[in-house]
Amino acid sequence: MANTILIGAQWGDEGKGKIIDVLTESADLVVRYQGGNNAGHTVELPSGKYILHLVPSGILRPGCRCVIGNGVVVDPVALVEELQGLERVGIDVAGRFFISDRAHMVLPYHKQLDELREDLKGVGKIGTTKRGIGPAYGDKAARVGIRMGDLLNPALFRARLKDRLVEINDIFRAHGWEEISDRKLADEMLEATESLLPMITDTVAIVQKALSDRSGILLEGAQGTLLDIDMGTYPFVTSSNTTSAGACSGAGLPPHRIDDVIGVMKAYTTRVGEGPFPTEDQDLSAHFHGMGREFGATTGRPRRCGWLDSVALRFSSQVNGLDRIALTNLDGLDTLETIKIATCYEVNGRRIDQFPADIDTLRQCVPVYEELPGWGEDTSGCDDWNALPENARAYLARIEEITGARVTIVSVGPRRDQTMFR
Ligand code: GDP
Ligand code: IMO
Ligand code: MG
């Protein structure tokens, strides 16, 4: 079995949850390696619609083992609620769900700081999910974070929390907020997380065992390439490495053991939150929202929608080393007469085809479009690659040309059976 990284090739919400679910039919181990409950991965099964935030999407396959890796930031209270939700619908995670002892915790003050920083930024806000992700990764980098493994040693957990709250309470006082009592917060957290303790372990050992057994690991990315802390539209990004490179450090496996990198991309582009988005198109947004599509799975916010962007996709293919592409939401374009793809940008009278690092430049970029004819047919019932409308296949071929990666999976609806392989 291959070790496969699956990442979002755009700004998140590409349909990673659906594709992971399809690919886990035979997978033994699925690992989340970055992000936190800012993610919302949707899987639609005959038994209902599931939105997973922290738990890997493989959990819906009974035999599949799932790991929250060291690179994830875990809000333990949100995780307990998510697990209770799964239990209520009969999904048993006992003995097959593990949480890294190295994973950093998102604590209530991280969420308060996330909100505070957004408020202070005012119109320049990032539009975060307010799940405390940035402040928790900030603490990790500043070496003042508290890790899931600390919960296993309550005395140590209490001491670390007490130390950390000195600075946090300074900030809270400065804003006229009520100070946090270290004892009260420690009591609350230790009580709320008791059910998680048996699942907290050294998950690097689980990953390494899967490598030596050659059982195959599916590494489930969250967010998307253009939200990567290094490669994305900084500072309008999330706080982790969402690109394929993040999988190795966030799960504990070496790069040379990766066999396959799959980029999940929508047949168009969406973005939720603030930040530059050159191919954004108000009419296309209205088109999708009118169909009841493209509302965020985590926050319910309407997603901004736009055309495919070759400049961004080529960059994404390069930095991730995409071997292949899973294209989702092809059916979203079914009724459009003409479909546009940005081939390059025009900025200050010059044409460029390299994705700019600087958002001020990116904001000035005007996409240069090519137009392709639509197919005017409902593809949502299509189950044979060769039966896809000719213009739809031409669109896929164009995407392969742009990215240099082969499209091997096409999705035409949220369900498992609305998926084609080649
Ligand atoms: P993720 O964060 O990448 O897992 O994506 P989300 O779950 O946030 O958003 C993707 C949305 O598209 C979800 O509502 C999915 O059920 C839905 N979806 C995925 N693939 C398809 C598809 O091919 N067609 C349609 N119509 N919906 C899809
Ligand atoms: P999945 O895994 C889409 C966006 C937020 C905001 C920025 C920073 O479902 O694809 P954060 O809360 O991470 O500090 O917010 O990143 N964002 C996402 N957008 N899909 C996601 O996850 C996202 N997770 C964060 O909207 O713009
Ligand atoms: Mg999502």
Side-chain angles (χ1 to χ4, degrees), residues 6-22 32-45 49-54 56-57 72-73 75 106 110-111 113-115 117-118 125-138 220-229 232-240 242 263-277 288 291-304 326-334 378-382 409-420:
L6 181 140
I7 54 95
Q10 296 154 318
W11 271 289
D13 300 331
E14 296 90 348
K16 297 176 293 294
K18 173 191 163 159
I19 302 298
I20 288 277
D21 171 68
V22 167
R32 270 280 307 269
Y33 55 86
Q34 46 69 232
N37 62 335
N38 49 349
H41 295 180
T42 314
V43 181
E44 278 194 40
L45 303 183
K49 176 168 158 174
Y50 303 85
I51 298 177
L52 297 147
H53 298 287
L54 273 163
S57 304
V72 176
V73 287
D75 177 335
V106 180
H110 293 125
K111 286 182 271 188
L113 288 176
D114 197 352
E115 190 131 14
R117 286 175 188 164
E118 285 286 89
K125 72 178 195 303
I126 294 167
T128 73
T129 59
K130 300 200 175 155
R131 298 296 191 271
I133 305 300
Y137 275 117
E220 176 176 354
Q223 291 81 53
T225 302
L226 303 170
L227 290 170
D228 182 279
I229 183 89
T233 49
Y234 191 89
F236 296 93
V237 293
T238 191
S239 299
S240 62
T242 59
V264 184
M265 59 173 276
K266 271 187 182 140
Y268 43 92
T269 313
T270 64
R271 171 164 206 174
V272 59
E274 309 303 320
F277 177 2
F288 289 125
M291 294 163 84
R293 294 167 79 124
E294 301 307 344
F295 293 91
T298 296
T299 56
R301 290 178 289 177
R303 296 176 182 144
R304 301 156 62 193
L327 186 97
T328 69
N329 287 273
L330 185 69
D331 55 303
L333 302 178
D334 284 351
D378 179 2
T379 59
S380 66
C382 190
I409 302 174
V410 168
S411 167
V412 289
R415 298 193 316 264
R416 280 177 183 165
D417 62 351
Q418 293 174 299
T419 321
M420 285 165 270

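This structure is a prediction, so every number in the text was calculated from the model and none was measured. Residue numbers start at 1 and run along the sequence shown. In listed order, ligands and their atoms are each counted from 1.
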So is [X] in contact with ligand 1, going by heavy-atom distances below 4.0 Å?
X      : answer
Lys49  : no
Gly413 : yes
Gly12  : no
Met265 : no

Can you report which non-hydrogen protein atom sits closest to [atom], along with the distance?
atom                    : value
atom 18 (N) of ligand 1 : Asn329 ND2, 3.9 Å
atom 16 (O) of ligand 2 : Leu227 CD2, 3.6 Å
atom 8 (C) of ligand 2  : Val237 O, 3.4 Å
atom 26 (N) of ligand 1 : Asp331 OD2, 2.8 Å
atom 23 (C) of ligand 2 : Gln223 CG, 3.5 Å
atom 19 (N) of ligand 2 : Val272 CG1, 3.3 Å
atom 6 (P) of ligand 1  : Gly40 O, 3.6 Å

May I ask you to check if ligand 2 and [X] share an N or O to N or O distance below 3.5 Å?
X      : answer
Asn38  : yes
Glu274 : no
Asp114 : no
Gly40  : yes
Glu14  : no

Original post:
Do any of the N, O or S atoms of Gly40 sit under 2.8 Å from the Mg ion (ligand 3)?
Top reply: yes

Atoms in ligand 2 with a heavy atom of [X] nearer than 4.0 Å:
X      : value
Lys16  : 1 (P), 2 (O), 10 (O)
Ala222 : 2 (O)
Ala39  : 1 (P), 2 (O), 9 (O), 22 (O)

The answer for which part of Pro414 has a heavy atom under 4.0 Å from ligand 1 is both

